[in-house]
Amino acid sequence: MSSGLIDTNNGVPPTRENSPAVLPPHGTAGHRWAVVLAGGDGTRLKSLTLEIAGDQRPKQFCSFFGGETLLTQTRARLESLFHVDRELFVVTRSHESYYREELRNVDESRIIPQPLNRGTGVAVAVALVHILQSDPNAVVVLVPCDHYYSDDEGFGRAIRSVISSAEQYPDAVVLLGAEAHYAEIEYGWIEVGSAVSDSPVPLFRVNRFWEKPSILQAEELLRRGCLWNTFVTAGRASTFLDVLSAEVPNVVLAINKALADNELEAAYGVMPAVDLSHQVFAPQPHRLLAVRDLTSGWADLGSPTRVMETLARNNIHPAWLREEYKSLPPSDFYRHRAAPDGAGQDAALPAIQGGKEPKQ
């Protein structure tokens, strides 16, 4: 890489404390891409989507907050941030009955229907290879479509921050971290180090990336001021692919070959599932930088209790919400506990449960 961000002597970005923000090169905006990850199965929320939509559709195609689905809300947030032809949607073919209508006005060239859900790592890899074929200078932002933001303008500022940071430091992958409020064991955690720059938005090295720590580890990470990983992540597409290739080279090679030969179906049939956070980011903290998000009001909707707590905290009362829940304060919705083995429990809604899933 040309920028020399990664110091091969010690494996961390060089110090640039107090350096001013560098404006992106002329024309960079035309190379900014959003990869919307919309291929997850939403297993843990299927009982809730059944109550809301009458079927067990994946959560990204469900309306939890009244009106639009999570996918449609995500598209609306991105509308002012990216050119319409620079938004790529990674979906799973078995969900076509749901995404066909949602994406009816999206050109087919910007939709990647995966034959199977093979986790976030594979979804990101196939998107990166696809983008690099047409734009070798692409700067990519990963955007999950199953999250909630209470402040859309704050979300926009956060997206611009990670993009700008990725453009300034082209050999790094830039994570967006949210302030942690409790010892959550179902999130990834970012242990930030020293500041790389502090103007206009502080940018930090990453000392370590913790994916789903134990309760004791999470309590210590909270005490030390570590951040929750929102999974919104930016970087040059070539850098992203390099980071992926360092940990799952056979997957990247297989996807390259499958796209070249138009044999994605066969490749996915033997492809292992890859968790981007656990298998790719966690082993390579020296390739990561982090931006702190203080204003977007991010919330993960990975479980029924998190959905209910988000509704209560933001005073949202969709039509499907049962009357007995509407008068309860947020603290009664969300009571996070940990089982002896470190597994989280949804305490507020014990009747609405589900299993694990490859995340997207």
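The first residue of the sequence shown is numbered 1, and numbering continues consecutively from there.
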Under a 4.0 Å N-O cut-off, is there an ion pair linking E220 with R223?
yes
Indicate the ring-plane relationship of F281 and F231, choosing parallel, tilted or perpendicular according to the 30° and 60° boundaries.
tilted
Any Lys/Arg nitrogen of E87 or R32 sitting under 4.0 Å from an Asp/Glu carboxylate oxygen of the other?
no
For a 4.5 angstrom cut-off between non-hydrogen side-chain atoms, does Y169 reach S197?
yes
Assess, by modelled atom type and distance only, whether the side chains of S194 and R205 contain a donor and an acceptor separated by less than 3.5 Å.
yes
Verify side-chain hydrogen bond (donor to acceptor under 3.5 Å, both in side chains) between E68 and S63, making sure each step is shown before the conclusion.
CA-CA 6 Å; E68 298 173 330; S63 173; over 6 Å; no
Between W228 and H181, does the ring centre distance come in under 6.0 Å?
yes
Quick check, are the ring centers of Y187 and W298 under 6.0 angstrom apart?
yes
Test the R292-F204 pair against the cation-pi criterion, namely NZ or CZ under 6.0 angstrom from the six-membered ring centroid and within 45° of the ring axis.
yes
When rounded to the nearest 0.5 Å, the distance separating NE2 of H130 from CG of L88 is 5.0 Å
Inspect the contact between E191 and R224 and indicate whether a charged nitrogen and a carboxylate oxygen are less than 4.0 angstrom apart.
yes
Looking only at side-chain N and O atoms, does S109 offer a donor or acceptor that is under 3.5 Å from a partner on D107?
yes
For residues E265 and R93, determine if any side-chain heavy atom of one lies less than 4.5 Å from a side-chain heavy atom of the other.
yes
Heavy atoms of A127 and V90 approach each other most closely as CB-CG2, 3.8 Å
Could you check whether any side-chain heavy atom of V192 comes within less than 4.5 Å of a side-chain heavy atom of N207, counting everything from C-beta outward?
no
Are L175 and V291 side-chain neighbours, meaning at least one heavy-atom pair lies under 4.5 Å?
no
Test item: R118 side-chain N/O and V122 main-chain N/O as donor-acceptor pair under 3.5 Å:
no
For E102, is there any backbone N or O sitting under 3.5 Å from a side-chain donor or acceptor partner on R75?
yes
With the side chain counted from C-beta on, respond yes when T295 and F155 share a heavy-atom pair under 4.5 Å apart, and no when they do not.
no
Can you tell me if T69 and T72 form a side-chain donor-acceptor pair at under 3.5 Å?
yes
For a 4.5 angstrom cut-off between non-hydrogen side-chain atoms, does D293 reach V162?
no
How far does CD of E211 sit from OG of S277, to the nearest 0.5 angstrom?
4.5 Å
Are R287 and E247 within salt-bridge range, i.e. N to O under 4.0 Å?
no
What is the minimum heavy-atom distance between Y99 and P113, and which atoms define it?
OH-CB, 3.5 Å
Distance in Å, T43 OG1 paired with Q56 CD, rounded so as to fall on 0.5 Å steps
9.5 Å
Lys/Arg-Asp/Glu bridge criterion (N-O < 4.0 Å) met for R110, D85:
no
To the nearest 0.5 Å, what is the distance between CG (L71) and SG (C145)?
5.0 Å
Side chains of V232 and P144: closer than 4.5 Å at any heavy-atom pair?
yes
Separation of I163 CD1 from Q168 CD (nearest 0.5 Å)
12.5 Å
In Å, rounded to the nearest 0.5 Å, how long is the span from CD of E167 to CG of N137?
11.5 Å
Does N314 use its side chain to pair, donor to acceptor, with the backbone of T310 at less than 3.5 Å?
yes
Begin with the C-alpha distance, continue with both residues' side-chain angles, and end with the deciding distance and a verdict on side chain to side chain contact (heavy atoms under 4.5 Å, CB included) for L288 and V243.
CA-CA 10 Å; L288 308 176; V243 170; 5.6 Å; no
Looking at side-chain heavy atoms only, is the closest gap between Y148 and I316 below 4.5 Å?
yes
Indicate yes or no for a side-chain donor-acceptor contact from Q60 to the backbone of A38 under 3.5 Å, with no hydrogens or angles considered.
yes
Between the main-chain N or O of L142 and the side-chain N or O of T233, is there a donor-acceptor pair closer than 3.5 Å?
no
Do the side-chain N and O atoms of H95 and D41 include a donor-acceptor pair separated by under 3.5 angstrom?
yes
Which heavy atom in L222 sits nearest to a heavy atom in A183, and how many Å separate them?
CD2-N, 3.8 Å
